[in-house]
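Below is one structure, written out as structure tokens; the observations come after it.
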Amino acid sequence: MRRRVITAALLCAACGTDAPVETGTGTEPGLVFRLANELTPDSKIGDVSFLFKERLEQASPDGSIRAGEIEVVLYDQGMVGTERQLLENAYFGVMEVVQINSSVVSTIDHAFNLFDLPYIFVSQAHHREILQGEVGQVFLDRLQDFRLRGLGFYGLGFRALFYKAPADGCIERPEDLRGLKLRVIESPIMINSINAMGASATPVPFSEQFQALKTGVIDGADNAARVFISHRFYETGTNCFTQTEHFTNQHVLVANNDWFQSLEPKYQRRILDVSRQIIPEFRAVWDAATQEALDQMEGVGVTVNAIENKQPFMDRTENVSTQFLRDYPSVPRELYDRIRAASGEVQ
């Protein structure tokens with residue numbers, strides 16, 4: 001992992017732990033740290049960071065920490081780098097805490113690729129049970145082997161396909177995807193999954209996706225409803241939003257472990273407590289934002305169609321998981337089995 005250096009001006013703006021800081025509460029902070037993400041406010045995904053900052057700066061319920069005793073300096077919208085760069089900054093201790101997509105974490109721990117396997121989660125309840133349960137904690141704990149501390153998972157539900165409708169309308173079966181060029185993240189798992197489903201996977205940076213859709217370089221892509229609306233992809237001529245629910249999305253708060261271990265125990269406890277406490281708060285925000293986005297689609301000329309029978313799509317992508325486990329023997333098969341086994345417990 002190569003070290004990234006962010007500007008001295010930004011670092012100095014956030015590092016004043018030795019000097020008094022005006023907080024408006026009359027309390028001089030005992031802990032000041034930096035938190036960064038690459039997210040725009042209108043996506044609502046960044047509300048994880050906002051809630052984390054807001055709750056930490058409040059008094060703790062047990063009175064051990066006063067309001068204003070903790071100050072979190074937030075850099076959002078990619079001010080200090082891409083998600084990959086943010087992970088590196090956390091690894092090297094340049095940034096104390098970052099919010100990133102779990103797919104980015106798979107660059108250092110291949111086990112996180114399990115979250116990207118097609119149809120590994122069969123329902124919203126299944127997804128949430130894994131992220132917030134014992135299995136999710138196993139994944140968070142694994143990061144300590146990489147000089148990092150996993151604080152919490154924040155689910156974003158399922159990804160859907162959106163595209164310019166073929167001549168016979170929105171897709172219903174894998175066969176209907178034939179000939180469609182769909183943008184994917186540059187991930188072997190995601191590329192293989194989209195190809196297996198029947199489309200032609202085309203890796204394109206997210207920053208170039210709008211223009212690629214508009215000019216016909218690609219016919220569509222996949223993402224959450226809120227992302228589709230907030231980035232106005234409907235303005236490219238994209239007019240179908242098909243809920244194949246083939247992949248899930250999840251973000252994770254990650255801290256530098258050396259920094260975390262250096263904190264007073266009361267600050268460690270408070271950070272861990274808040275990381276868990278904001279999960280239902282963010283879930284409510286995200287669910288409302290998702291429903292609002294789906295409601296807006298009809299008004300902008302986009303047809304939303306659910307795939308009632310996903311089995312044909314699941315059958316086509318089954319070998320992707322088999323091949324991944326074969327290619328990465330270092331990934332514990334037990335974790336994969338526990339995720340799959342839990343699907344029957346939450347139906």
Do the side chain of [X] and the main chain of [Y] share a donor and acceptor less than 3.5 angstrom apart?
X	Y	value
Arg159	Asp222	yes
Asp176	Arg173	yes
Asn239	Ala165	yes
Asn256	Ala90	yes

A side-chain contact here means heavy atoms from C-beta on lying under 4.5 Å apart; do [X] and [Y] qualify?
X	Y	value
His127	Gln250	yes
Leu151	Leu140	no
Gln323	Asn319	no
His251	Leu156	yes
Phe146	Asn257	no
Phe206	Asn223	yes
Gln99	Asp76	no
His231	Val227	yes

[X] [atom1] to [Y] [atom2] distance, which is reported to the nearest 0.5 Å:
X	Y	atom1	atom2	result
Thr244	Glu172	OG1	CD	11.5 Å
Asp62	Arg269	CG	CZ	7.5 Å
Asn195	Met190	CG	CE	13.5 Å
Leu182	Ile191	CG	CD1	12.5 Å
Ile218	Thr238	CD1	OG1	8.0 Å
Ser103	Glu83	OG	CD	9.0 Å

Should the pair Arg147 and Tyr91 be classed as cation-pi, given the thresholds of under 6.0 Å to the six-membered ring centre and 45° from the axis? yes
Scan for ring pair (Phe, Tyr, Trp, His ring centres under 6.0 Å) pairs involving residues 153-190, sequence neighbours excluded, and state none if there are none.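 Of all non-adjacent pairs touching residues 153-190, those that pass ring pair (Phe, Tyr, Trp, His ring centres under 6.0 Å) are Phe115-Phe153, Phe162-Phe228, Phe162-Phe233.
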Under a 4.0 Å threshold between the charged nitrogen and the carboxylate oxygen, would [Y] count as salt-bridged to [X]?
X	Y	value
Arg270	Asp273	no
Arg55	Glu281	yes
Asp219	Lys164	no
Lys53	Glu71	no
Glu208	Arg183	no
Glu69	Lys266	yes
Glu245	Lys310	yes
Glu88	Arg84	no

State, without any angle test, whether [X] and [Y] hold a side-chain donor-acceptor pair at a distance under 3.5 Å.
X	Y	value
Asp141	Gln137	yes
Ser49	Asn37	yes
Thr290	Glu292	no

Could you tell me which residues satisfy side chain to side chain contact (heavy atoms under 4.5 Å, CB included) with [X], sequence neighbours excluded, listed by chain and number?
X	answer
Leu325	Leu114, Arg333, Tyr336
Thr303	Cys170
Tyr328	His110, Phe324, Val331

Do any pairs count as a salt bridge (charged side-chain N to carboxylate O under 4.0 Å, His left out) and have a residue in residues 312-331, sequence neighbours left out, and if so which ones? Glu175-Arg316
So salt bridge (charged side-chain N to carboxylate O under 4.0 Å, His left out) across residues 96-117, not counting sequence neighbours, yields Arg34-Glu96, Asp109-Arg142
Partner of Asp287 by salt bridge (Lys or Arg N to Asp or Glu O under 4.0 Å), out of Lys44, Arg226, Arg128: Arg128
More than 12 non-hydrogen atoms from neighbouring residues, nucleotides or ligands closer than 6.0 Å to CD on Glu186, yes or no?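 For Glu186, atom CD is not crowded (no more than 12 foreign heavy atoms under 6.0 Å).
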Shared hydrophobic cluster, Tyr119 / Leu335 (ILVMFWY, side-chain heavy atoms < 4.5 Å): no
Same apolar cluster (I L V M F W Y, side chains within < 4.5 Å links), Leu253/Leu74: yes
Only residue of Thr82, Leu148, Val252 satisfying side chain to side chain contact (heavy atoms under 4.5 Å, CB included) with Leu87 is Leu148
Identify the two heavy atoms, one from Trp286 and one from Ala224, that lie closest to each other, and give their separation to 0.1 Å.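 Heavy-atom minimum between the residues: CZ2-CB, 3.8 Å.
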